[in-house]
Amino acid sequence: MCGIVGYIGHRDAYPVLIKGLQRLEYRGYDSAGVVLFDGENLSLSKTKGKVEDLKNRTEATIPTKGKLGLGHTRWATHGVPNDVNSHPHCSNSGDLVIIHNGIIENYESIKTALTKRGYTFSSDTDTEVLVNLIEEVKKKEGVKLGKAVQIALNQVVGAYAIAVFDRTKPDEIVVAKLGSPLAIGIGENEYFIASDASPFIEFTNNAVYLEDEEMAIVRIGKEIKMRKIKDDAIAYPNILELQLNLEEIEKGGYEHFMLKEIYEQPRAIMDTYRGRLLADKGIIKMAGIDQNLEKFLNANRIIIVACGTSWHAGLVAEYIFEDMARIPVEVEYASEFRYRNPVITDKDVLIAISQSGETADTLAAIKLAKEKGAFVFGVCNVVGSSIARETHAGAYTHAGPEIGVASTKAFTTQITVLTLLAMRLAQEKGTFSQSKFHEYLTELESIPAKVEKTLKSNALVKEISEIYKDSANCLYLGRGYNFPVALEGALKLKEISYIHAEGYPAAEMKHGPIALIDEQMPVVVIATKKGHYEKVVSNIQEIKSRKGRIIAIVTEGDKSVKQLADHVIEIPETSESLSPLLTTIPLQLLSYHIAVMRGCNVDQPRNLAKSVTVE
């Protein structure tokens, strides 16, 4: 949500900023802007719309010279998406320039006070209030920019990642973070600033990720100077060597990032269990679990908190943990969990799932659980992210960068990690026989090849998509392990094609949704051989008798459903608990092709952001 890019050094800043903003488009935004400073002149350009619109406007209207610059993509919170509300924002004097990701909750009271002191405001944003507060502090206290930023941030309530500079001192940029991610790339006599490492990976592999309530001053020719915002204590930069490579954040010949990421799933699943699943030795090796085994084994229950697609992965995990390890599990929306005064004890284990590792509600749930004494285990995809740092222990998925807003490979790699965790606990508790454990090890190891085979249904799915691309509604049904997959399939369709879709447990169809079924209603049914197969076939017959159009996901060789369904997509046979790793693939492809055929922006669907870093 919102993208920040900054540069100070020996290069022309503009190409770095524009390319950086293009790489941050996946985060979701509705307007964009850049500011450049050449030591004398400040050049500002911003617009509602896409980065390409910004690029065209900028190159037609302002000089693009300068070794210092900031860029921003905005997802509107305070004030509608328009040119004026777009970032960057300048202070009343025109000396200070800021970009900001987050929300300043007490901006109205600050704005009222500043207005009384003669400040005027041209936008509706909280960000313009913040930059003028910093200017007021700087003048009133007679301090340098860095100190003014620190004092001002101690007066605000909310979340932020900011970058700000003073045109009267053009050799430095001040950055600060609370709740929203911010990284500093360290080059040769140059610094890069960004919401994540993707904008600067081609220039440097060295980065510092700010912790909450930390600020930093980057100056040409000098080392990073870091401080704690609250108490002014010195903070020391932890310089990480990034593993990200440029190829991973490019489309690689695919039309869209989403399609590329769907096809990356065999490798992503394999990378996620590589080094952890040792089938030949009959073991699962995961440091985050092995070092905290007693916490899991002595837990009264496991609480899983997540949002969106990660919540669906948590629902699959509920079936897996209870079935394999016989540990009670509750799955909660992080946004609800944090506000309902939940009962948590030191006998609970909380598993927090997030692709980005920056989801605001999930982070708040983690902090609440820690305060109550629970052991917190994180599952996320981004090394060094906030969730990775806030949890007691955890396990990374190894999906690689996921640029498409609609999550695909994050979902399957999250299920893979959670399956490994459940199997390890089942082995330790003795709820699995050794032969059953080996059987599952071997089967999980075969999943990437089976996903590869499932992807060969792409042409068929595309044909089916052509038939249903103009549908107004769609129903998804599944049972057991595949009920969450039905929810996920419906979410994907509505996210990127804007077709209304709902997922239901198949047995619940008779309790309401059956009233919607007619010859215009496509119904996607997950009907694999294992797991309530006969019951699902019965549900399909009920749909058929009401003239519903049936798209069925079935196990290879199925005969019963083929006689009833309008369309059948086959997947290889696997165990019931691992079937979501296969059944979700055709549903991802279905949503993708329908969205493309409807002319939708697949990678950047309207109103959505990849990483929701504010409430």
Side-chain angles (χ1 to χ4, degrees), residues 3-27 67-71 101 161 163 172-173 175-177 180-211 214-226 235-252 257 260-261 264 267-268 271-272 274-275 355-358 380-389 394-403 409-410 413 610-611:
I4 283 176
V5 181
Y7 177 78
I8 186 169
H10 55 82
R11 307 172 195 270
D12 284 336
Y14 176 70
V16 176
L17 299 181
I18 284 295
K19 187 174 285 188
L21 291 178
Q22 288 169 337
R23 289 190 181 148
L24 291 177
E25 286 188 288
Y26 75 90
R27 297 176 68 85
K67 311 296 184 185
L68 167 65
L70 301 176
N101 179 12
E172 70 176 30
I173 299 175
V175 298
K177 171 196 183 306
S180 294
L182 198 63
I184 302 170
I186 304 169
E188 291 289 332
N189 201 32
E190 62 183 347
Y191 289 102
F192 304 84
I193 295 154
S195 298
D196 63 42
S198 61
F200 57 73
I201 192 63
E202 68 190 271
F203 304 109
T204 179
N205 287 320
N206 296 318
V208 172
Y209 288 87
L210 291 189
E211 300 285 350
E214 283 185 348
M215 61 176 290
I217 301 174
V218 295
R219 295 171 290 180
I220 297 175
K222 296 185 180 181
E223 293 185 352
I224 296 174
K225 181 180 178 182
M226 291 179 59
Y236 298 95
N238 178 25
I239 300 174
L240 301 175
E241 184 176 349
L242 301 171
Q243 303 302 313
L244 186 67
N245 63 66
L246 197 57
E247 290 74 22
E248 289 182 308
I249 56 174
E250 301 292 348
K251 289 182 183 175
F257 280 111
K260 173 177 177 273
E261 288 155 9
E264 285 176 341
R267 190 194 72 193
D271 287 347
T272 296
R274 192 193 309 277
Q355 187 282 138
S356 67
E358 302 292 347
C380 67
N381 189 40
V382 180
V383 176
S385 59
S386 297
I387 284 175
R389 297 194 300 269
Y396 287 114
T397 58
H398 294 294
E402 189 178 67
I403 308 300
K409 61 179 179 173
T413 54
K610 183 66 175 173
S611 177

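Because only heavy atoms are used, hydrogens play no part in the values below, and waters and symmetry mates are left out as well, while side chains stay in.
In this structure, Leu70 and Ile173 have side chains that are in contact, with non-hydrogen atoms separated by less than 4.5 Å. Counting heavy atoms from C-beta on, the side chains of Arg219 and Ile217 come closer than 4.5 Å. Side-chain contact between Arg389 and Glu211 is present, with heavy atoms from C-beta onward closer than 4.5 Å. Looking only at side-chain heavy atoms (C-beta outward), Val382 and Cys380 stay at 4.5 Å or farther from each other. Residues Ile403 and Glu261 meet the side-chain proximity criterion, which asks for heavy atoms closer than 4.5 Å. Annotation: side chain of Ile184 is in contact with side chain of Val218 (closest heavy-atom distance under 4.5 Å). The shortest side-chain heavy-atom distance between Pro401 and Arg23 does not fall under the 4.5 Å cut-off. Side-chain contact between Phe200 and Glu190: absent, with no pair of heavy atoms (C-beta onward) separated by less than 4.5 Å.
Contact record, Glu402 with Ala410: OE2-N, 3.0 Å, taken as the closest heavy-atom pair. The minimum heavy-atom distance between Thr272 and Ala399, with the atom names listed, is OG1-N, 4.3 Å. Heavy atoms only, all atoms of each residue included: Gly20 and Val5 are closest at C-CG2, 3.8 Å. When all heavy atoms of Lys177 and Ser386 are compared, the pair lying nearest together is NZ-OG, 3.7 Å. Across all non-hydrogen atoms, the minimal contact from Gly221 to Asn189 is N-OD1, 3.0 Å. The two residues Gly71 and Leu17 come nearest to each other via the heavy atoms N-CD2, 4.0 Å.
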Test side-chain contact (heavy atoms from CB on, under 4.5 Å) on Glu214 and Leu182 and set out the steps.
CA-CA 10 Å; Glu214 283 185 348; Leu182 198 63; over 6 Å; no
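Note that CG of Leu21 and CD1 of Ile4 are 10.5 Å apart. Values are rounded to the nearest 0.5 Å. A distance of 10.5 Å separates CZ in Phe192 from CD1 in Ile201, rounded to the nearest 0.5 Å. The distance from atom CZ of Phe257 to atom CD of Glu25, rounded to the nearest 0.5 Å, is 9.0 Å. Atom CD in Glu264 sits 10.0 Å away from atom CG in Asp271 (nearest 0.5 Å).
In the model, Glu358 has no side-chain atom that pairs as donor or acceptor with a side-chain atom of Ser385 under 3.5 Å. With 3.5 Å as the limit, one finds a donor-acceptor pair spanning the side chains of Asn381 and Gln355.
With hydrogens and angles ignored, the 3.5 Å screen pairs a side-chain donor or acceptor of Thr204 with a backbone N or O of Ile186. For the pair Tyr7 (side chain) and His10 (backbone), a donor-acceptor distance under 3.5 Å is present. Ser195 contributes no side-chain N or O that, together with a main-chain N or O of Pro181, makes up a donor-acceptor pair within less than 3.5 Å. At distances below 3.5 Å, not a single donor-acceptor pair connects side-chain atoms of Asp12 with backbone N or O atoms of Tyr14.
For the pair Lys225 and Glu172, the salt-bridge criterion is not met [side-chain N within less than 4.0 Å of a carboxylate O].
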